[in-house]
Enquirer: 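Below are the structure tokens for one structure; questions will follow.
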Amino acid sequence: MANRSTCAYCGVGCGIEIHTNADGTPRVEGDFEHPANFGKLCSKGSTLAHTLTDEGRLLHPMINGLRASWDQAVSYVANGLNRIIQEHGPDAVAFYVSGQLLTEDYYVANKLMKGFIGSANIDTNSRLCMSSAVAAYKRAFGEDSVPANYQDLEIADLIVLTGSNTAWCHPILFQRIKAAKLQRPDMKVVVIDPRRTATCEIADLHLPIKPGMDVALFNGLLGYLHANDKIDPDYIAAHCEGFDGALASARAEGDLSRIAARCDLSETDVATFYQWFAAIDRTLTCFSQGINQSSQGTDKGNAIINCHLATGRIGKPGASPFSLTGQPNAMGGREVGGLANQLAAHMDFDEEDVAKVSGFWRSPNIARKPGLKAVDLFDAVAAGKVKAVWVMGTNPAVSLPNAGKVVEALQKAELVIVSDCIETTDTSTYAQVLLPAAGWGEKDGTVTNSERRISRQRGAIAPAGEARQDWRILTDVAAAMGYGEHFPYKTAADVFREHAQLTTLNRNSHRKLDLGALDQITEAEYNGMAPVQWPTLPNIDSQRLYGDGNFSTPSGKACFIAVRCQGVSNPVSTEWPLALNTGRIRDQWHTMTRTALAPPLNAHKPEPFVEVHPDTATEFGLENNKLAHLQSPWGQAIMKVNVTDSMRRGELFVPMHWNDQWARGARIGELVNPSVDPVSGQPESKHTPCKAAAWQPQWTAIMLSRENLPLPKCDYAAKIRGQKFYRYELAGTGSTEDLMALAHKLACTEAKPSIEYRDSKNQNIRCAWLDQQGLVTCLYVGPGSSGIIANADRNWLASLFDKPALEPVERKALLSGKSPAGVEDCGRTICACFGVGEKTILKAIKQHNLTDAADVGKRLKAGTNCGSCVSEIKNLLQQAG
Ligand SMILES: Nc1nc2c(c(=O)[nH]1)N[C@H]1C(S)=C(S)[C@@H](COP(=O)(O)OP(=O)(O)OC[C@H]3O[C@@H](n4cnc5c(=O)[nH]c(N)nc54)[C@H](O)[C@@H]3O)O[C@H]1N2
Ligand SMILES: Nc1nc2c(c(=O)[nH]1)N[C@H]1C(S)=C(S)[C@@H](COP(=O)(O)OP(=O)(O)OC[C@H]3O[C@@H](n4cnc5c(=O)[nH]c(N)nc54)[C@H](O)[C@@H]3O)O[C@H]1N2
Ligand code: SF4
Ligand SMILES: [Mo]
């Protein structure tokens, strides 16, 4: 029987069924009854079974590099924390947690730190993700509550997607919008993003805004709505405060033509956007990291919310400001108080809330003031003020800005504890104590998605090795620290019930978070729990919030916030002329600890890359597919160049994903500036001044191997996991004098190759090692950006690892790195779900005169599962036509 769970990845929170194949291996399918996805899954969700592998897993606790028992590890952690607290006080220790922990894990971590250790030094990676949206909602509505739901995406008449690459980052929501638009072609979609992303596939209007200018654009909109009598004065009078101040601020931003000029947009496009927003009641504005990750992210959020308040479009069917949350449990973490500036259950650090929570927890030692936010927290570690840090479910050495400094901080700390599923990450490398956490598919608990819907994650397989659930690890450490009677949990349901009870303390307050109907939930009910939106009170319709105009503030009124556009914190300059934007790609998840294990997900964009406009590429001497060196005042990196006119001139885009486990020199977090939003503390990950230049290697190499070899220490390296092989793309500046010695070093073997070739000038080495089972390793090395490497037929080489023995013709072809005549090269993968390559699609388009993506789908299946590659198929149709 299938086990019902929720996807491990994004905040859409799709329902998943975990089945067991006849051979005992797990298989995942979409859950047709889950209201987030109704059975559909994107490329990442549908390949989750690939990640249920022991490869790379942390299987048992480790202390200072040696295997330890759980008892030893738990006492080591408890004693270490207690000692530091005794010597230096509770603020000398910190937890850094994650929106990928389940609500139950999060609840216990928060209770231990804030309730019993007595410090609020627990912050979460949601600081880098949702904290600006949280702060904007709190300022406007009095509470961090998302008013909208997913149905709104289908019934809205205008959807504004700003700072959101929905097609790649919330793919199932994008597919829902797309399907609705097909049914109701009058529905309009506006995309506001400096880049022309895959999301623009369904855009009626794309505004390629100058980075950081969203406050000006939305302030301009507020002024326009007012000037054109499109505000709702009755709603404003009855339900809001602060309109005049916000309007005055907005008008000071300038008229439409000035706003268009400042945002570097055409006046006509801005006017069209304003006219549509003014005319269409059912308007939903969805926003994500292009808004939040900014030195003015909170103001950006409020500038958007102001326009919705002014038109009374909050919590109405198809009309709301809708923050699309990133991680699977970004919302659940906010509900339990995972942010250092919140207490628990949406409560704050005022006296009344502190008294309520300390009474409920029976904790005399409760923290009474906010703790350090993520960037400040690691600065305090670097400064030696925080001496112990316990990192759970996040990889700050990659994902925090100025990541080089984070590494220094971890090296300096007295005690670093890391709970993770994976043994070696960029962060775990610096830990004294490693605690093996049970991962997705193994653990039990709940997550809350973007529309406030709580769903169960259910374990279907036994945890790898000795891995344990995070709430259990925390409970054991709490007991060993001397707080056992306050942490009596035996199951995840025990924790959830207590969390639900705590939320009911909000009952007679102005807050909406209340899980009342679940506060006595039994073990059996919890196990069978169906997805439910909060508030979970009887007789309350929780589909939308605030539709009645009654907000969570003491007065019940919403607040307009007066904001002015300040642009970015570190503008470009003569020395640092380019603006670096960072974000996500379709098939990788964050620091790749799981997605890089799924071969289908590594085919679309296999190597770290920087996107750049053709004119900017020419100006800075960058060539497509060659390497570039990027530098900012904080760090440097080397990666492949991808020239594309989807970029604005003078700007670069680099995915956040690559790190030292899967690449060398491509950890982009090292370059990202550490400026934060003054209200939320969220870093400005979307804008860093930098420079770029072509980077010329002394040698380049490509290697495919059956073995998972350590990444060589060269200037540029990328490791790509395939079905039965690992591929390595390498480049370096070392000497090419003895290429054969280099080849042996790269292949980590002293054995003589079974096949070997050098050209007449001894400039190109091609060699392969074979054994009884076929190909072990093949390697091609050449000087500079050598032709052989650029032209090697990677897909054909990969296919040789499926063969028990090579034909003579294949052995011969191996020397050239090119497939023998008659074997087709299908090019880079476009459709990850069905593994369809670029060349295959182009060939089919030409051969059968295909004219639209649906025809391509009928012939090749490409684009017919998750649909995320359809925009690229359309580009290929254009290219061919
Ligand atoms: N495939 C995939 N999906 C994911 C994730 C993943 O790692 N991989 N992670 C999940 C998580 S945790 C999150 S938070 C979400 C993030 O989801 P998104 O926010 O949609 O993703 P990003 O790529 O970070 O950034 C979105 C867009 O903001 C644009 N942008 C940059 N600066 C500005 C600006 O000044 N103004 C405007 N309007 N736009 C700007 C960028 O060009 C980018 O296209 O994705 C979730 N889904
Ligand atoms: N430059 C740049 N930086 C960014 C961003 C950006 O757009 N640009 N985006 C930011 C955003 S929005 C986010 S959300 C962060 C994400 O950044 P991170 O949170 O650092 O990235 P992940 O790779 O998701 O890290 C999760 C870790 O937890 C482990 N893990 C998975 N499941 C579990 C579990 O159940 N228990 C435990 N204990 N461990 C588990 C994984 O193996 C992995 O090591 O990055 C931020 N950093
Ligand atoms: S849309 Fe998000 S939640 Fe749904 S399958 Fe894809 S990654 Fe998972
Ligand atoms: Mo995120």
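All values derive from a computational prediction rather than experimental measurement. Below, all heavy atoms of this structure are taken into account, side chains as well, without hydrogens, waters or symmetry copies. Every number for a ligand or one of its atoms is a count from 1 in the order of the listing.
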Enquirer: Determine, for F174 and K178, whether the Lys NZ or Arg CZ falls below 6.0 Å from the six-membered ring centre while staying within 45 degrees of the axis.
Expert: no
Enquirer: May I ask you to decide if N165's main-chain N or O and H170's side chain share a donor-acceptor pair within less than 3.5 Å?
Expert: no
Enquirer: Considering non-hydrogen atoms of the protein only, which is the closest contact for atom 17 (O) of ligand 2, and what is the distance?
Expert: S399 CB, 3.2 Å
Enquirer: Side chain or backbone of A437 under 4.0 Å from ligand 2, or both, or neither, by non-hydrogen atoms?
Expert: side chain
Enquirer: Are H308 and F277, when compared by the centres of their aromatic rings, separated by less than 6.0 Å?
Expert: yes
Enquirer: Going by heavy-atom distance to atom 15 (C) of ligand 1, choose the closest among G326, S294, P328.
Expert: G326
Enquirer: Would you say S685 has any N or O atom under 3.5 Å from an N or O of ligand 2, going by distance alone?
Expert: no
Enquirer: For ligand 2, indicate whether the residue V672 contacts it via side chain, backbone, both or neither (heavy-atom separation under 4.0 Å).
Expert: side chain
Enquirer: Would you say S98 and ligand 2 have an N/O pair spaced under 3.5 Å apart?
Expert: no
Enquirer: Would you please indicate yes or no on a ring centroid separation below 6.0 angstrom for F496 and Y107?
Expert: no
Enquirer: Who's closest to atom 43 (C) of ligand 1 heavy-atom-wise, of I291, D587, D193?
Expert: D193
Enquirer: Could you tell me whether some N/O pair between R594 and ligand 2 is separated by less than 3.5 angstrom?
Expert: no
Enquirer: Students should be able to answer this: which protein heavy-atom is nearest to atom 24 (O) of ligand 2, and at what distance?
Expert: Q100 NE2, 2.7 Å
Enquirer: Students should be able to answer this: which protein heavy-atom is nearest to atom 13 (C) of ligand 2, and at what distance?
Expert: R584 NH2, 3.7 Å
Enquirer: For A330, which part has a heavy atom under 4.0 Å from ligand 2: side chain, backbone, both, or neither?
Expert: neither
Enquirer: If you measure every N or O of M213 against every N or O of ligand 1, does any of those distances drop under 3.5 Å?
Expert: no
Enquirer: Check L400 against ligand 2 and report side chain, backbone, both or neither, counting heavy atoms closer than 4.0 Å.
Expert: neither
Enquirer: Report yes if some N/O of T425 lies less than 3.5 Å from some N/O of ligand 2; otherwise report no.
Expert: no
Enquirer: Atom 16 (C) of ligand 2: which protein heavy atom is closest, and how many Å away?
Expert: H590 ND1, 3.4 Å
Enquirer: Output yes when the distance from some N or O of ligand 2 to some N or O of Q327 is under 3.5 Å, and no in every other case.
Expert: no
Enquirer: Go through ligand 1 atom by atom and flag the ones less than 4.0 Å from a non-hydrogen atom of I585.
Expert: 1 (N), 2 (C), 8 (N)
Enquirer: Is the shortest side-chain N to carboxylate O distance from D444 to R456 below 4.0 Å?
Expert: yes
Enquirer: Mark up the atoms of ligand 1 that fall under 4.0 Å of a heavy atom belonging to T197, in ascending order.
Expert: 44 (O)
Enquirer: Any idea which part of D420 is under 4.0 Å from ligand 2, heavy-atom wise: side chain, backbone, both or neither?
Expert: both
Enquirer: Pick, from G163, S646, P194, the option with the minimum heavy-atom distance to atom 33 (C) of ligand 1.
Expert: P194
Enquirer: Under 4.0 Å from a heavy atom of G583: which atoms of ligand 1 are those, numbered in the order shown and with their elements?
Expert: 23 (O), 24 (O)
